[in-house]
Amino acid sequence: MAFSSTLSPPSCSCFSNNVDSISKKTFLFSQSSSKLSFLNRSSISRLGCVSNGVRTRSLRGCVFASVADISLEKSVEAVSLPKGDMWSIHKFGGTCVGTSERIQKVAEIIVNDSSEGKVVVVSAMSKVTDMMYNLINKAQSRDDSYIAALDDVLEKHKLTAHELLEGNDLLKFISRLHDDIGNLKAMLRAIYIAGHATESFSDFVAGHGELWSAQILSAVVRKLGVDCNWMDTREVIIVNPTSANQVDPDLEVSERSLEEWYSKNPSKTIIATGFIASTPKKIPTTLKRDGSDFSAAIMGALFRARQVTIWTDVDGVYSADPRKVSEAVILNTLSYQEAWEMSYFGANVLHPRTIIPVMRYDIPIVIRNIFNLSAPGTIICRPTADENGDSQGLNSIVKGFATIDNLALVNVEGTGMAGVPGTASEIFGTVKDVGANVIMISQASSEHSVCFAVPENEVKAVADALESRFSQALGAGRLSKVEVIRNCSILAAVGQKMASTPGVSATLFNALAKANINIRAIAQGCSEYNITVVLKREDCIRALRAVHSRFYLSKTTIAMGIVGPGLIGATLLDQLRDQAAVLKEKFNIDLRVMGITGSKKMVLSDLGIDLSRWREDLKEKAEEANMEKFTQHVHGNHFIPNTALVDCTADEKIASHYLGWLRKGIHVITPNKKANSGPLDRYLKLRALQRQSYTHYFYEATVGAGLPIISTLRGLLETGDKILRVEGIFSGTLSYIFNNFIEDQAFSEVVTEAKNAGYTEPDPRDDLSGMDVARKVIILARESGLRLELSDIQVDSLVPEPLKSSASAEEFLRRLPEFDQEIAKKRLDAEAAGEVLRYVGVVDAVQNKGFVELRRYKKEHPFAQLSGSDNIIAFTTTRYKEEQPLIVRGPGAGAEVTAGGIFCDLLRLASYLGAPS
């Protein structure tokens with residue numbers, strides 16, 4: 001091919017098989033914004049099309065009629081290009097120039113920039129590049145609708161031009177636009193006939209959107225009174241294609257091209273096309289996807305600019321994908337290394353290659369939001385000496401988190417791999433031959449296996465190729481298997497300071513473990529800029545939320561479901577409402593109630609129920625109660641990694657769900673005694689499951705409401721003490737009754753008074769039977785290591801035998817005075833001996849038994865000193881002797897203190913999950 005121009009168009013060899021049918025066709029392309037030949041060229045260039053050895057007549061020629069603004073005869077005085085801090089580079093993406101209103105806003109930003117020199121790199125209007133590629137796909141598929149699709153492209157830009165331009169600028173642009181569309185129509189027709197488009201032809205067609213947006217924007221800027229030129233960057237940016245469908249900019253040659261361009265087009269405001277460039281042979285090409293960012297970075301390097309500003313539709317770079325982590329925050333700064341690590345792992349930052357040109361000259365990149373000019377954005381630059389100093393918290397160590405989904409792990413395993421040179425080379429050579437992209441590699445030092453991640457849509461080809469390549473080794477047993485693990489995702493933690501900070505990996509893995517998430521593979525380079533883990537795909541969002549929460553970037557958040565909004569549940573909800581703001585502000589704890597359910601109705605929320613009006617919501621927005629749906633809703637919220645269900649009922653049926661909840665990774669908190677006092681086998685399974693996992697089961701309020709009884713018992717055992725006896729008044733109701741059963745007052749009167757004051761259950765027999773105390777005794781006995789069933793506890797019931805079958809609580813209370821004399825005698829006998837009656841529960845660890853009974857105590861005994869509904873528990877151990885036991889005393893009944901005990905368990909859970917103490 002012979003060209004008189006300095007820039008060659010794409011090769012026409014794609015037409016070799018169809019040249020007979022088109023050999024007599026002549027294509028006329030008028031030079032305009034899409035000009036295939038540029039300045040200082042002949043007005044007519046001839047394109048010869050060769051048929052790759054096929055014996056046919058060649059095309060007579062593809063004629064390009066030039067309408068260049070600058071003729072060969074016109075001499076231009078050379079002007080040298082000043083470089084340095086006087087220049088600022090702006091890049092506006094397709095969203096920023098997506099409509100005429102947005103283009104006008106971009107022009108105003110340019111005009112208002114006080115920089116001495118400005119280079120503005122623009123993308124095609126929103127969706128236009130996709131439309132251009134769609135044209136190519138339709139044409140090579142011989143789909144006639146490409147013509148109508150091209151008309152849509154024309155109309156989109158005509159409409160925009162008419163809305164923004166006027167006079168000569170409008171006429172000139174419309175004329176060039178029609179010329180370009182005519183050229184494209186002819187080229188697409190050729191592609192249609194050939195049924196194929198080479199990469200260079202595709203690049204040429206796809207790059208027109210940037211040409212048009214640059215011309216429109218430059219005209220709008222001139223209309224605002226600022227002189228500017230527009231630059232077709234195919235004349236300036238020269239790139240060398242690589243084997244990986246990428247291009248490398250030749251900055252040395254590009255600098256010479258820029259000097260030449262600027263000498264003929266001197267201007268302090270330049271509107272440049274993004275995305276497009278040329279090869280050393282002057283053939284149009286592109287910088288591939290995200291190429292406009294790359295263009296801006298290359299321009300920054302060529303001009304030695306002060307900074308490069310990438311304008312987009314977000315406020316900056318987030319610490320994690322805000323669509324997955326609602327608490328993600330904007331990062332003020334990132335180092336170059338952190339930015340490209342996050343980009344590689346899928347964060348919406350920049351393409352990693354974008355950073356390379358500016359990094360060479362320490363030019364900062366600023367990510368800003370065109371729709372929120374008040375936001376300062378994120379600066380990507382080399383870290384200062386201060387930033388490399390001592391860290392001030394986990395947030396300054398790990399900058400952010402990113403994920404890659406739809407991956408599969410390939411594990412090549414066998415004892416024959418150990419110590420055999422070249423095995424890894426053969427494995428990855430095979431993968432390379434398939435053309436698959438290896439995302440991550442992990443190998444143990446034993447060399448027994450090599451594990452790597454590839455895109456899931458490529459894994460079958462990879463596995464088949466490996467099995468074929470190593471068939472002999474597999475048959476001989478040197479390799480045991482080529483295993484594929486599908487449905488995987490990668491989670492990466494990124495931060496430059498991780499390299500110099502001990503414990504980052506431990507914190508990361510601890511956060512994942514506490515969220516009950518299993519890790520399948522781990523990789524970390526010696527630079528330690530990132531730690532990469534492979535997880536199940538379904539765990540990925542929960543894992544991302546868990547580690548993000550742990551590394552300070554958001555509060556320690558627990559999604560809660562409240563079961564039983566009765567007296568205790570309602571009191572707990574009110575306490576949570578009153579304390580929520582303090583917990584967030586001072587302790588970084590965010591307790592979100594995602595659902596409330598009773599026995600008949602429930603209310604659910606995706607973001608968290610407003611606790612100032614939960615009662616109204618339960619009336620107005622309630623749906624039929626469904627425990628399975630309720631659990632799934634609270635636990636299925638992937639934005640919050642930690643889930644806790646709080647059972648505020650005394651329901652055996654609800655308690656039967658605990659084991660299933662814990663297995664799902666749901667933490668359980670409850671004052672319900674039924675689970676721990678039920679069958680021993682179930683209790684042992686619950687405790688074993690709790691010990692084996694990072695799922696927590698807290699039940700402090702089952703024994704002493706808000707009193708620290710179980711935690712005290714555990715503390716004694718964990719520090720090596722031995723429990724000999726636990727004895728106490730465990731019932732607030734019975735404590736009140738016997739504290740007031742004095743002088744001449746009848747027992748039945750005291751019971752009635754207690755019921756009217758709200759101390760007893762609706763049926764006082766539930767308290768007087770002693771079974772509530774017996775359940776507390778069996779819980780403490782089991783916590784002390786005794787393997788007892790509830791039926792093993794001897795219970796001295798205070799309900800007279802004839803009244804146990806009373807039809808109602810009212811009938812029971814009406815007949816209770818008939819039996820006052822019997823218990824009055826016991827009181828009088830005790831008083832005569834200087835003693836008092838107390839209803840107690842006892843765990844005798846030495847005799848391996850427990851019992852509940854009415855006992856007498858000397859008036860100076862601590863149990864005789866109680867008032868009101870207080871509980872008191874005495875621990876006798878090898879350290880705390882019988883003469884002076886460890887005593888815990890305080891209110892042991894009432895909604896406020898019981899709810900407070902549950903609340904304490906919630907805060908203990910938050911502390912275990914990473915909240916600061």
Side-chain angles (χ1 to χ4, degrees), residues 341 344-346 401-494 498 504-506 508-513 515-544 546-547:
E341 290 281 359
Y344 177 79
F345 286 102
F401 302 89
T403 59
I404 303 177
D405 294 322
N406 302 317
L407 299 177
L409 277 179
V410 180
N411 182 41
V412 182
E413 186 176 307
T415 55
M417 294 173 57
V420 180
T423 303
S425 174
E426 290 187 55
I427 290 172
F428 293 111
T430 303
V431 176
K432 177 180 180 294
D433 292 341
V434 172
N437 181 28
V438 176
I439 307 297
M440 189 206 83
I441 302 170
S442 180
Q443 180 179 14
S445 59
S446 66
E447 301 182 40
H448 179 67
S449 67
V450 175
C451 167
F452 56 93
V454 296
E456 195 158 25
N457 59 3
E458 298 176 354
V459 71
K460 186 180 186 304
V462 169
D464 290 346
L466 288 171
E467 288 174 352
S468 174
R469 172 65 185 82
F470 293 100
S471 58
Q472 185 177 353
L474 287 164
R478 295 195 304 278
L479 288 185
S480 58
K481 61 182 175 180
V482 176
E483 180 185 15
V484 173
I485 304 171
R486 297 181 180 272
N487 300 317
C488 294
S489 293
I490 277 178
L491 168 65
V494 174
M498 295 195 305
V504 176
S505 296
L508 177 76
F509 298 142
N510 185 256
L512 292 172
N516 206 36
I517 292 166
N518 186 43
I519 299 170
R520 292 186 162 181
I522 303 167
Q524 179 177 14
C526 60
S527 66
E528 295 188 62
Y529 289 150
N530 86 69
I531 301 171
T532 303
V533 296
V534 180
L535 316 154
K536 291 181 182 178
R537 184 188 303 163
E538 57 264 31
D539 289 339
C540 186
I541 295 178
R542 196 157 52 92
L544 178 63
V547 296

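The chain is numbered in sequence order, starting from 1.
Within the 4.5 Å cutoff, side-chain heavy atoms of V410 are placed close to those of V482. Using a 4.5 Å heavy-atom cutoff, the side chains of F452 and I439 are not in contact.
Nearest heavy-atom pair across N437 and E458 is N-OE1, 3.0 Å. Smallest separation of non-hydrogen atoms from S505 and Q524: OG-OE1, 3.7 Å. Contact record, M498 with Y529: CE-O, 3.3 Å, taken as the closest heavy-atom pair. R486 approaches K460 most closely through the heavy-atom pair NH2-CB, 4.4 Å. Between V450 and F428 the shortest heavy-atom distance is CG1-CZ, 3.9 Å.
Residue I522 holds its CD1 atom at 7.0 Å from OG of S442, rounded to the nearest 0.5 Å. Put simply, CD on E413 and SG on C451 are 10.0 Å apart, with the number rounded to the nearest 0.5 Å. In this structure, I517 CD1 and L491 CG are separated by 8.5 Å, a value rounded to the nearest 0.5 Å. Note that CD of E483 and CG of L466 are 13.0 Å apart. Values are rounded to the nearest 0.5 Å.
The one candidate from V494, L508, N530 that meets the side-chain contact (heavy atoms from CB on, under 4.5 Å) condition with F401 is L508.
Looking at residues two or more places apart in sequence or on another chain, you find no salt bridge (Lys or Arg N to Asp or Glu O under 4.0 Å) involving D433. In this view, E426 and R469 satisfy the salt bridge (Lys or Arg N to Asp or Glu O under 4.0 Å) rule, not counting sequence neighbours.
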Side chain to side chain contact (heavy atoms under 4.5 Å, CB included) between L535 and I519: does it pass, once the steps are laid out? CA-CA 5 Å; L535 316 154; I519 299 170; 4.2 Å; yes

Apply salt bridge (charged side-chain N to carboxylate O under 4.0 Å, His left out) to E467 and K481, showing your working. CA-CA 9 Å; E467 288 174 352; K481 61 182 175 180; over 6 Å; no

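The backbone N or O of A515 lies less than 3.5 Å from a partner atom in the side chain of R542, making a donor-acceptor pair.
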